[in-house]
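Since the structure comes first, as structure tokens, the remarks are kept for the end.
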Amino acid sequence: MDITYHNWLNIEITHLYFTDGICSNIHLNPFQNTSTICQNYNILLHQKQNTTSFFVGNKKSNYTQEDFLAITPMYFQITSDDLYFFNYTNISPTPDSLLFFETSSHINIQNGDYASAKNLISHKPLVFDISIPYNNVQIEVQPIHGRPFISESVDGTQNSEYNVNLVTQETGVYQILLNGEVEETFFISTVELNPNCIGILYLNPLEVISQNLSTPLKINFQTRSTYREYQIVVPTKRKINISSITIQGGNGEKYSGPKEDKILNGQTAQVFTSTSPLPLEKEPKTHPKLYLDYTNQYSNRTNQMEVLLPNPDTQNIKPYNLKGDSNSFYSSNIVYV
């Protein structure tokens, strides 16, 4: 009898930045140990648009939990084709952190919440030091949802740091416990990560199957909101006199300005900034418009110019720090008229 492949899990990636939420630039790539598991259990992955489907092959008409009894947790790198993914995503990871999503009975990513800072996990080397308090402390290191493989009592009055050596461990998520309390959860990898890696997916097949999922698990991303800045430049060669310059928001949003400023090339720009941050969209249905009232050297008659302003470039998004708000961002466009 030939092997039949059964679809046992679907993971859908959505992002409010994209039309209909379809985010197709994210992929799941198994680590080597996970690739071996997939080979041993006849598991295939297939991505179509923003959904990754898992198929298991056997000679039966269906699959059961017994098909996975000896399987171990699986780890995948989450990669993005877009170098500017976090520019338009409402998460700000640090250089030594990654996104972390877990599909098990402990955490259900199907609950509809958007990914946030709570989904970030530190990425540590195989050997590192931790600071310990100034007293006797019991230090334990264990895999997530596993048992401690390091358990040691340390006198903090004699040592301010403890060296954690994980060179014999496998790629995965681990925890440090001090006196029985989780101090930190972190990820280590025995291989160099893909340069496009933005996160880690932990998958426990036994626990996922026990949930009897009938709809896809979802990882949802929220788009970033930014203050919109437009630097309007009227080249001197146009030889026009501007009597009025305004911006009208496509959805009724307001803009402050104009404020005259010098831009990088030394030209004078009239700068407008939205009065509130606006959510980024890949393909917005409306655009703000620039209105210019002007006269030229040939006539005193007032003319009007209308310019459709561009969508923010995701490469040009920077921290704004407005009134002490370190979590705000702005996107800037230079517009020549």
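In this structure, S160 has no side chain to side chain donor-acceptor pair (under 3.5 Å) partners at least two apart in sequence or on a different chain. Applying the ring-ring contact (aromatic ring centres under 6.0 Å, His included) rule to F68 yields the partners W8; only residues at least two apart in sequence or on another chain are considered. Under the ring-ring contact (aromatic ring centres under 6.0 Å, His included) criterion, Y230 pairs with no residue, sequence neighbours left out. By the ring-ring contact (aromatic ring centres under 6.0 Å, His included) test, Y336 pairs with no residue at all, sequence neighbours left out. Judged as a side chain to side chain donor-acceptor pair (under 3.5 Å), and not counting sequence neighbours, T314 has no contacts. Taking D67 as the reference, K60 meet the side chain to side chain donor-acceptor pair (under 3.5 Å) condition, with sequence neighbours excluded. In this view, F272 satisfies the ring-ring contact (aromatic ring centres under 6.0 Å, His included) rule with no residue, not counting sequence neighbours.
Side-chain contact between S116 and N90 is absent, with no heavy-atom pair separated by less than 4.5 Å. At a threshold of 4.5 Å between non-hydrogen side-chain atoms, the residues I91 and L99 count as touching. Looking only at side-chain heavy atoms (C-beta outward), I3 and N58 stay at 4.5 Å or farther from each other. Side chains of Q231 and S332 form a contact here, defined as non-hydrogen atoms less than 4.5 Å apart.
Both tests do not hold together for R228 against Y330: distance to the six-membered ring centre under 6.0 Å, angle to the ring axis within 45°.
Pairs engaging residues 142-170 under the salt bridge (charged side-chain N to carboxylate O under 4.0 Å, His left out) rule: none recorded [sequence neighbours left out]. Within the structure, no pair that satisfies the salt bridge (charged side-chain N to carboxylate O under 4.0 Å, His left out) test touches residues 229-254, not counting sequence neighbours.
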Pair L203, T34 - check side chain to side chain contact (heavy atoms under 4.5 Å, CB included), show working. CA-CA 10 Å; L203 174 62; T34 296; over 6 Å; no
Step by step, work out the side chain to side chain contact (heavy atoms under 4.5 Å, CB included) result for F100 and Y202. CA-CA 8 Å; F100 175 59; Y202 168 97; 3.6 Å; yes
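When all heavy atoms of T190 and Q169 are compared, the pair lying nearest together is CG2-O, 3.4 Å.
Using a 4.5 Å cut-off between side-chain heavy atoms of Ile, Leu, Val, Met, Phe, Trp and Tyr, Y84 falls into a hydrophobic cluster with L83. In this structure, L177 shares a hydrophobic cluster with V182, the cluster being traced through Ile, Leu, Val, Met, Phe, Trp and Tyr side chains under 4.5 angstrom apart.
By the neighbour-count criterion of 12 heavy atoms within 6.0 Å, atom CG of N163 is densely surrounded, having more than that number from other residues, nucleotides or ligands. Applying the 6.0 Å contact sphere to CG of N40 captures more than 12 heavy atoms from other residues, nucleotides or ligands.
Aromatic ring pairs are classed by plane angle as parallel below 30°, tilted from 30° to 60° and perpendicular above 60°; the pair F187 and Y75 is tilted. Between Y63 and H6, the ring planes are tilted. Angles from 30° to 60° get that label.
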For residues 192-201, run the donor-acceptor check on the side chains, cut-off 3.5 Å, and write out each pair with its distance to 0.1 Å, sequence neighbours left out.
residue : atom : partner : partner atom : Å
N194    : OD1  : N196    : N            : 2.7

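The hydrophobic cluster containing I176 does not contain V173, counting ILVMFWY residues as joined when their side-chain heavy atoms lie under 4.5 angstrom apart, directly or transitively.
L280 CG to N311 CG: the interatomic distance, rounded to the nearest 0.5 Å, is 7.5 Å.
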